[in-house]
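What follows is a single structure, written as structure tokens, with notes after it.
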Amino acid sequence: MKELSVAEFGRRLAHLLVSLFILLCVTFVIGRVLPTDPVGAIVGELADPAAYAAMRTRLGLDLPIYQQFFLYLNGLAHGDFGTAVLTGNPVSSDLAQAFPATFELATLAVIISTFVGVPLGLVAALFRDSLIDKVARVVALVGHSIPVFWFGIVGLVIFYAGLNWVGGPGRIDVFYEGLVTPQTGLLLVDSLLQGETEIFWNALGHIILPAIILAYAAMAYITRMTRSFTLEQLSQDYVIAARAKGVSPFGTIWRHVLPNIAVQLITILAISYGGLLEGAVVTEIVFSWPGIGQYMTNALMIGDMNAIVAGTIIVGFIFMLLNFLADVAYAIFDPRMREAA
């Protein structure tokens with residue numbers, strides 16, 4: 001491993017900032033040109049023209065779009081995303097309450113998908129064209145083909161309504177709501193920190209099914225890519241030499257192949273994590289999960305553009321940040337990437 005130069009890190013950081021600015025521009029423009037009426041959503045359809053015009057002026061919608069954009073950037077610089085029509089609260093406050101639920105769900109999902117997908121891909125490549133390889137490919141194909149909402153509905157019908165193995169929709173049973181003081185915003189962590197083991201198990205029962213459903217698609221992608229990376233390495237001379245020296249197949253994978261594909265896996269896991277945060281919307285709707293996805297969906301239903309634009313920016317920024325960190329890790333652990341740059 002070699003150090004990443006300051007210049008190279010600055011270049012990659014500049015790319016991140018430029019991408020973020022482009023995201024801000026595109027998201028803001030789309031939010032302004034969509035055929036929605038944020039003023040009408042606030043004052044109501046029966047408001048008199050004077051009240052409508054006053055609210056339009058108050059929101060700055062009577063200004064040219066470039067002035068609106070600069071005002072919006074100034075608000076962002078002060079952490080102000082505007083006021084949500086849906087709740088009447090600052091959007092930043094709503095997102096601060098909703099995002100931990102999405103973060104907790106996506107984090108558990110990426111842990112599950114990693115601990116299942118990586119070993120499955122390694123074993124499938126090691127025993128290429130065997131039964132386990134064929135099963136792994138079928139599992140990956142199904143994960144890419146079947147919609148998440150279908151899996152969610154079927155999972156609720158079987159494991160909640162039928163077998164009663166998991167909790168139902170929502171983050172926790174109504175009986176336990178408000179009993180845990182938010183510290184990190186992560187219900188599983190907060191309940192353990194406060195010694196509320198009963199609430200922890202109840203919350204775990206609610207999150208496990210949506211996390212598995214959400215993890216399945218990511219696991220399919222991780223399995224397929226891990227298998228592809230491993231097959232490429234298994235054909236290299238150093239692996240053939242290791243096998244000739246008597247190293248076992250699993251020893252070859254653990255000691256030689258896995259370290260050489262670790263950098264590629266970092267990128268795949270970062271992309272998968274960002275995709276889980278972005279793709280949690282459908283899962284949250286099916287399971288009534290009070291996260292950023294459900295918040296944005298409810299905002300979209302009433303044309304609350306402040307909430308929609310802010311949520312899009314937050315999710316997009318996290319996705320770009322994860323890719324930036326993966327890119328930096330790539331440059332640190334694989335000097336060939338830095339030399340090529």
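Quick note: numbers below take in every heavy atom, side chains included, and nothing from hydrogens, waters or symmetry partners. One is the number of the first residue; the rest follow in order along the sequence.
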Do [X] and [Y] come within less than 4.5 Å of each other through their side chains, counting heavy atoms only?
X    : Y    : answer
Y238 : N260 : yes
L214 : F287 : no
D133 : R137 : yes
F229 : I268 : yes
E196 : L179 : no
F149 : I285 : no
V139 : Y216 : yes
E177 : R171 : no

Without swapping roles, check the side chain of [X] against the backbone of [Y] for a donor-acceptor pair under 3.5 Å.
X    : Y    : answer
Q194 : V180 : no
S228 : R224 : no
Q233 : V239 : no
D190 : T184 : yes
H206 : G168 : yes
S191 : L188 : yes
Y221 : G143 : no
T102 : I292 : yes
N74  : F70  : no

State the [atom1]-[atom2] distance between [X] and [Y], to the nearest 0.5 angstrom.
X    : Y    : atom1 : atom2 : result
I207 : E104 : CD1   : CD    : 4.5 Å
L234 : H256 : CG    : NE2   : 11.5 Å
I308 : N298 : CD1   : CG    : 10.5 Å
I213 : I112 : CD1   : CD1   : 10.0 Å
W289 : L105 : CH2   : CG    : 6.0 Å
M296 : T312 : CE    : OG1   : 3.5 Å

**OP:** For the residue pair W165 and F159, categorise the inter-ring angle as parallel (less than 30°), tilted (30 to 60°) or perpendicular (more than 60°).
**Re:**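 The rings of W165 and F159 sit tilted, inter-plane angle from 30° to 60°.
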Original post:
Would you call the rings of Y72 and F28 parallel, tilted or perpendicular if under 30° counts as parallel and over 60° as perpendicular?
Top reply: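 Because their plane-to-plane angle lies in the 30° to 60° range, the rings of Y72 and F28 count as tilted.
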**OP:** Could you walk me through whether L163 and I158 pass side-chain contact (heavy atoms from CB on, under 4.5 Å), step by step?
**Re:** CA-CA 6 Å; L163 300 175; I158 295 176; 4.1 Å; yes
Can you name the nearest heavy-atom pair linking [X] to [Y], along with the distance?
X    : Y    : answer
M320 : S19  : SD-CB, 3.4 Å
T27  : L23  : OG1-O, 2.7 Å
L186 : P100 : CD2-O, 3.4 Å
A220 : A140 : CB-O, 3.4 Å
F69  : L24  : CE1-O, 4.0 Å
A125 : L231 : O-CD2, 3.5 Å

Can you get from [X] to [Y] by hopping between Ile, Leu, Val, Met, Phe, Trp and Tyr side chains that sit under 4.5 Å apart?
X    : Y    : answer
I240 : F250 : no
I212 : F151 : yes
I253 : V118 : yes
W254 : V116 : no
L258 : L269 : yes

**OP:** Evaluate the criterion side-chain contact (heavy atoms from CB on, under 4.5 Å) for residue pair L122 and I261; output intermediate values, then yes/no.
**Re:** CA-CA 11 Å; L122 292 172; I261 67 172; 4.0 Å; yes
Original post:
Do we see a donor-acceptor contact under 3.5 Å between the side chains of Y176 and E198?
Top reply: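 Note: Y176 and E198 side chains meet the donor-acceptor criterion.
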Original post:
Can you tell me if CG on D237 sees more than 12 non-hydrogen neighbours from other groups inside 6.0 Å?
Top reply: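 Atom CG in D237 is not packed in, count stays at 12 or less.
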Original post:
Which is it for V91 and Y295 under the side-chain contact (heavy atoms from CB on, under 4.5 Å) test, yes or no, and what are the steps along the way?
Top reply: CA-CA 10 Å; V91 174; Y295 175 74; 4.3 Å; yes
Original post:
Pairs in or reaching into residues 300-329: which pass ring-ring contact (aromatic ring centres under 6.0 Å, His included), with residues at least two apart or in two chains?
Top reply: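 Found F9-F324.
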